[in-house]
Protein chains: 2
Amino acid sequence: MKPTTDKADPIARARDAFRARGMRWTPQRRAILEVLVGASGHVTGVELIERARLRDSETTPSTVYRTLDVLEELGLVSHSHGHDGREEFHVWPVSRHGHLACEACRATWEIEGDEALAITGSLTRKRGFVVNLSHLTISGLCSECNGRTGANPGL
Amino acid sequence: MKPTTDKADPIARARDAFRARGMRWTPQRRAILEVLVGASGHVTGVELIERARLRDSETTPSTVYRTLDVLEELGLVSHSHGHDGREEFHVWPVSRHGHLACEACRATWEIEGDEALAITGSLTRKRGFVVNLSHLTISGLCSECNGRTGANPGL
DNA sequence: ATCCGTCTTGAGACCTGTTGCAATAACGGC
DNA sequence: GCCGTTATTGCAACAGGTCTCAAGACGGAT
Ligand SMILES: [Mn+2]
Ligand SMILES: [Mn+2]
Ligand SMILES: [Zn+2]
Ligand SMILES: [Zn+2]
């Protein structure tokens with residue numbers, strides 16, 4: 001029994017992924033990984049910085065954003081953009097979905113399964129374009145807000 | 001003959017649209033409108049600021065961005081987001097399309113007509129959600145880059 | 001245990017917008 | 001033409017992120 005090299009430990013697996021690429025395992029990266037393992041749903045960069053500082057009070061923004069970039073390249077997290085353009089992060093591979101966001105009431109929904117396929121499928125078939133579903137945010141007006149707003153010529 | 005109230009003049013029509021809403025017609029807004037009338041394709045906010053300053057050297061960023069917001073509400077312009085998240089503006093109603101952007105080679109394509117319908121249609125039918133096509137940017141890998149990259153587990 | 005090359009960090013400048021607020025100026029009414 | 005109301009502007013601070021670069025520290029080799 002070797003608890004410290006437990007293959008199921010996502011932190012240990014991340015550490016190995018870093019090292020296998022010639023990258024280094026630092027306290028800052030460990031803190032961010034710990035935060036991500038304990039996170040769920042959509043989390044903004046600022047929130048991740050705050051939480052990381054609870055583990056390592058020295059953590060700075062540029063380090064967090066850089067680490068998130070690397071983790072995205074490693075396939076461990078993904079990000080999309082909220083209404084104001086702010087980045088929202090997800091931990092892999094919990095859920096792979098797109099986002100639907102109403103510009104009026106600000107409600108959001110997730111796009112998964114068949115619905116996602118309906119959107120990505122035609123692009124893949126006709127253009128060979130592989131959509132990055134996790135990054136996708138489709139904005140517009142939800143059914144409720146659409147009836148409510150007076151004939152919007154745009155959209 | 002009244003050239004100054006020519007109904008086909010887009011600047012005059014914009015002025016009337018402002019006034020009809022109780023908004024004011026200012027030199028700054030006029031400068032930005034003139035820039036937009038002379039623009040085509042995708043233009044970033046910074047580019048619009050520079051061009052507006054050629055007409056009215058006093059124009060400041062906040063005024064330009066605020067005017068663009070208003071013009072978007074009036075349905076005269078729309079914006080989407082490039083790779084870095086920067087805003088890119090379009091003049092209405094020249095073209096109403098979505099955007100397809102390859103994350104690897106940075107090439108972009110426009111999504112129009114049937115292709116756009118294939119994407120927006122299912123959301124409208126199943127959810128009553130009206131997609132803001134102009135704001136939509138779908139990212140991923142184009143057919144060329146997809147074959148080239150080594151088995152990316154993400155996306 | 002120490003060395004060293006190279007990766008990573010932290011600090012601060014920078015970039016694109018956004019926002020609060022006091023000063024300014026459209027514009028409808030007189 | 002003046003006035004007063006109120007929309008708009010300009011400024012400066014702010015916010016989320018990115019970038020540069022010198023200083024620091026991983027970690028493989030000895
Ligand atoms: Mn993004
Ligand atoms: Mn936007
Ligand atoms: Zn809504
Ligand atoms: Zn490409």
Side-chain angles (χ1 to χ4, degrees), chain A residues 12 14-33 42-53 55-74 77-89 103 106 135 137, chain B residues 12 14-33 42-53 55-74 77-89 103 106 135 137:
Chain A
R15 183 198 57 209
D16 295 345
F18 274 100
R19 292 199 171 134
R21 287 193 162 206
M23 295 173 169
R24 294 171 186 178
W25 183 240
T26 66
Q28 294 86 345
R29 286 179 173 171
R30 170 174 246 277
I32 295 165
L33 257 297
H42 303 80
V43 193
T44 66
V46 171
E47 285 167 354
L48 290 174
I49 291 167
E50 286 174 6
R51 296 185 196 178
R53 273 211 250 253
R55 315 249 174 177
D56 177 345
S57 64
E58 305 297 306
T59 315
T60 57
S62 50
T63 297
V64 172
Y65 288 117
R66 276 189 293 230
T67 300
L68 287 167
D69 285 348
V70 173
L71 290 174
E72 193 151 5
E73 280 167 26
L74 293 180
V77 304
S78 66
H79 81 269
S80 58
H81 298 270
H83 278 105
D84 44 13
R86 245 215 276 2
E87 290 182 331
E88 300 189 335
F89 293 87
E103 294 170 350
R106 314 249 121 174
H135 188 261
T137 298
Chain B
R15 182 198 59 207
D16 295 346
F18 274 99
R19 292 201 172 133
R21 286 193 164 206
M23 295 173 167
R24 294 169 187 179
W25 184 240
T26 66
Q28 293 86 346
R29 286 180 174 170
R30 171 174 245 279
I32 295 165
L33 257 297
H42 302 82
V43 192
T44 66
V46 171
E47 285 166 353
L48 291 174
I49 292 167
E50 286 174 7
R51 296 184 195 179
R53 273 211 250 252
R55 313 250 175 178
D56 177 345
S57 64
E58 304 297 306
T59 314
T60 56
S62 52
T63 297
V64 172
Y65 288 117
R66 276 188 294 229
T67 300
L68 287 168
D69 286 347
V70 173
L71 291 174
E72 192 150 6
E73 281 166 25
L74 293 180
V77 304
S78 67
H79 80 269
S80 58
H81 298 270
H83 278 106
D84 46 11
R86 240 200 313 342
E87 290 182 330
E88 300 188 336
F89 294 86
E103 294 170 350
R106 312 249 121 176
H135 189 260
T137 299

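In what follows, chains are A, B, ... by sequence order, proteins preceding strands, each numbered from 1. Side-chain atoms are counted along with the backbone in the values below, which use heavy atoms only and exclude waters and symmetry mates.
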(message) By nearest heavy atom, map B/Thr26 and B/Asp69 onto DNA chain C; which one lands nearer the 5' end?
(response) B/Asp69

(message) If you assign B/Gly45 and B/Met23 each to the DNA chain C nucleotide with the nearest heavy atom, which residue ends up on the more 5' nucleotide?
(response) B/Gly45

Write down the protein N/O and nucleotide N/O pairs, taken from nucleotides 20-24 of chain D, whose separation is under 3.5 Å; answer none if there are no such pairs.
{"unit_1": "D/dT20", "atom_1": "O4", "unit_2": "A/Arg66", "atom_2": "NH1", "d": "3.3"}

(request) Give, for atom CG of A/Asp69 and atom NE2 of A/His79, the distance between the pair rounded to the nearest 0.5 Å. (result) 8.5 Å

(request) Ignoring hydrogens and angles, tell me if any N or O in the side chain of B/Ser80 forms a donor-acceptor pair with the backbone of B/Thr137 under 3.5 Å. (result) no

(message) OP1 or OP2 of D/dG17 versus the side-chain N and O atoms of A/Tyr65: is any pair under 4.0 Å?
(response) yes

(request) Without swapping roles, check the side chain of A/Arg15 against the backbone of A/Trp25 for a donor-acceptor pair under 3.5 Å. (result) no

(request) At the 4.0 Å heavy-atom cut-off to chain A, mark where contacts on DNA chain C begin and end, going 5' to 3'. (result) C/dG5 to C/dA11

(request) Fit a plane to each ring of B/His81 and B/His135, take the angle between them on a 0 to 90° scale, and name the class: parallel (under 30°), tilted (30 to 60°) or perpendicular (over 60°). (result) perpendicular

(message) Using whole Å, what does the distance between atom P of nucleotide D/dT9 and atom CG of B/Asp56 come to?
(response) 10 Å

(request) Can you tell me the distance, in whole Å, between the CZ atom of B/Arg53 and the C1' atom of D/dT9? (result) 14 Å

(request) Determine whether A/Leu68 and A/Glu87 make a side-chain contact, defined as any pair of heavy atoms from C-beta on separated by less than 4.5 Å. (result) no

(request) Measure the spacing between OG of B/Ser78 and CG of B/Leu71 and express it to the nearest 0.5 Å. (result) 11.5 Å

(request) Drop me the distance from A/Glu58's CD to A/Gln28's CD, to the nearest 0.5 angstrom. (result) 9.0 Å

(message) Counting neighbours of CD on A/Glu47 that are heavy atoms of other residues, nucleotides or ligands and sit closer than 6.0 Å, is the number greater than 12?
(response) yes

(message) Measure CD/B/Gln28 against P/D/dA7 and give the value in whole Å, please.
(response) 17 Å

